[in-house]
Amino acid sequence: PVGEVMVSGTYACPDSPSATVVLAHGAGAGMEHPFLRGFTDALNSLGLATLRFNFPYREAGRKFPDRPPTAIAAWRAAMDAAAGKAAEHGATGRIWAAGKSFGGRMASMAVADGMDAAGLVYLGYPLHPPGKPDKVRDEHLYGITSPMLFLQGSRDTFATPGILEDVVRRIGPSAVLQWVEGGDHSFAVAGVKRSAAEVGASLAEPVAGFIRASG
């Protein structure tokens with residue numbers, strides 16, 4: 001439940017998971033997108049539990065994303081649901097928040113607003129609109145002290161490399177930026193034929209490594 005509406009979620013738990021990753025979708029695709037399924041399936045194989053969920057607008061079949069208050073409420077509900085599932089399955093690891101593009105930005109805003117999370121993982125952080133590097137959306141990031149991994153394609157038009165590098169530097173040592181060479185906003189690399197599920201799965205190892213290293 002998110003307020004007076006219900007949204008879908010999919011939970012998966014391997015034996016004795018080291019952590020749980022709650023994952024939100026981007027603005028243009030729901031939780032069943034092959035990229036997200038490939039990513040969470042690969043995390044499960046690496047020993048992490050996962051919970052994917054839909055934002056209310058996507059659940060209702062609308063195209064325009066929810067405003068931040070609604071998206072933050074959805075994030076809080078998903079984290080609560082993940083904690084309940086973890087307790088039910090005996091998963092004692094900490095719970096992380098992750099998101100593709102819009103989903104990751106809303107996760108960061110939820111944590112800045114007080115939501116508890118072991119850390120944050122951004123799969124293509126939308127730092128600014130394409131072609132508008134003067135409209136940087138970063139103010140709330142500097143108050144977050146949790147570990148943060150920015151996993152970003154080097155050709156992502158939503159994050160000019162120099163600007164993102166400066167933002168991560170100003171956040172401090174809690175933030176790590178890892179480039180996917182040649183990747184666009186969907187992490188597709190020109191000349192490399194991979195399905196969306198394969199692309200998502202390819203990001204699981206660096207994310208799992210960051211979570212393990214963060215304790």
Side-chain angles (χ1 to χ4, degrees), residues 7-12 20-44 46 48-59 62-66 68 70-72 74-75 77-79 82 95-111 115 117 119-130 137-138 140-141 144 148-159 164 168 175-180 182-189 194-208 210-211:
V7 299
S8 300
T10 297
Y11 179 76
T20 298
V21 178
V22 182
L23 179 67
H25 57 80
M31 70 174 195
E32 290 301 337
H33 192 278
F35 173 93
L36 302 181
R37 287 192 282 109
F39 177 67
T40 53
D41 286 350
L43 286 181
N44 298 153
L46 294 170
L48 284 82
T50 56
L51 172 68
R52 299 194 312 273
F53 71 95
N54 274 339
F55 287 111
Y57 81 94
R58 188 73 190 187
E59 192 74 21
R62 299 190 300 269
K63 292 184 178 180
F64 194 77
D66 297 313
T70 300
I72 289 171
W75 255 112
M79 293 294 278
I95 301 176
W96 285 65
K100 178 69 182 80
S101 193
F102 168 80
R105 188 164 73 91
M106 291 301 105
S108 68
M109 293 180 71
V111 170
M115 184 181 80
L120 289 151
V121 173
Y122 309 120
L123 305 178
Y125 190 87
L127 187 61
H128 57 71
R137 300 172 286 202
D138 62 339
H140 67 286
L141 294 171
I144 299 174
M148 287 185 276
L149 173 64
F150 290 79
L151 198 56
Q152 204 86 18
S154 63
R155 294 190 301 111
D156 190 340
T157 57
F158 284 81
L164 181 57
V168 171
V176 172
L177 171 59
Q178 184 169 340
W179 293 107
V180 175
D184 62 13
H185 193 54
S186 298
F187 293 95
V189 177
R194 295 183 297 176
S195 68
E198 290 172 329
V199 173
S202 72
L203 305 180
E205 184 56 55
V207 170
F210 181 77
I211 290 174

Practice item. Any chance you could measure Met109, atom CE, to Ile144, atom CD1, to the nearest 0.5 Å? Key: 10.0 Å
Review point. Looking at CD of Gln152 and CZ of Phe158, how far apart are the two atoms once the value is rounded to the nearest 0.5 Å?
Key: 10.5 Å
Point to revise | Val121 side chain reached by Leu151 side chain, heavy atoms, under 4.5 Å | key: no
Review point. Excluding sequence neighbours, so at least two apart, what forms side-chain hydrogen bond (donor to acceptor under 3.5 Å, both in side chains) with Thr50?
Key: Asn44
Review point. What residues form a side-chain contact (heavy atoms from CB on, under 4.5 Å) with Arg52, not counting sequence neighbours?
Key: Thr10, Leu23, Met31, Glu32, Leu36, Arg37, Thr40
**Study point:** Close side-chain approach of Trp96 to Val207, heavy-atom, < 4.5 Å
**Key:** no
Practice item. Check side-chain contact (heavy atoms from CB on, under 4.5 Å) between Ala110 and all other residues, then give those that pass, not counting sequence neighbours. Key: Ile72, Trp75, Met115
Practice item. Using side-chain contact (heavy atoms from CB on, under 4.5 Å) as the criterion, list what pairs up with Ala77, not counting sequence neighbours. Key: Val2
Review point. In chain order, what residues pass the side-chain hydrogen bond (donor to acceptor under 3.5 Å, both in side chains) check against Ser186, with sequence neighbours excluded?
Key: none
**Study point:** Those residues that, when tested against Ser8, pass side-chain hydrogen bond (donor to acceptor under 3.5 Å, both in side chains) (two or more places apart)
**Key:** Glu59
Practice item. Could you list the residues that satisfy ring pair (Phe, Tyr, Trp, His ring centres under 6.0 Å) with His33, not counting sequence neighbours? Key: none
Study note, to complete from the structure: CG of Asp138 to OG of Ser108, rounded to nearest 0.5 Å, is 10.5 Å
Exercise for review: Please name all residues satisfying side-chain contact (heavy atoms from CB on, under 4.5 Å) with Ser202, sequence neighbours left out, ordered by chain then number.
Suggested key: Arg194
Exercise for review: Look at the side chain of Tyr57 and the backbone N and O of Ala71, then say whether any donor-acceptor pair between them is shorter than 3.5 Å.
Suggested key: no
Practice item. Would you give the length of the straight line joining atom CG of Leu127 to atom CG of Leu141, rounded to the nearest 0.5 angstrom? Key: 7.5 Å
Study note, to complete from the structure: One should read off an interatomic distance between Leu149 CG and Leu120 CG, to the nearest 0.5 angstrom, of 10.0 Å
Review point. Can you list every salt bridge (Lys or Arg N to Asp or Glu O under 4.0 Å) pair that touches residues 100-110, not counting sequence neighbours?
Key: none
Point to revise | Partners passing ring pair (Phe, Tyr, Trp, His ring centres under 6.0 Å) against Tyr122 (at least two apart in sequence or in another chain) | key: Tyr125, Phe150
Point to revise | Residue pair Met106 / Phe55, side-chain heavy-atom distance below 4.5 Å | key: yes
**Study point:** Glu205: side-chain hydrogen bond (donor to acceptor under 3.5 Å, both in side chains) partners, not counting sequence neighbours
**Key:** Arg212
Point to revise | All ring pair (Phe, Tyr, Trp, His ring centres under 6.0 Å) counterparts of Phe187, not counting sequence neighbours | key: none
**Study point:** Closest non-hydrogen atom pair, Ala24 against Gly103
**Key:** CB-CA, 3.8 Å
Practice item. Identify the heavy atoms of Ile95 and Ala82 that sit nearest to each other, and give their distance. Key: CD1-C, 4.0 Å
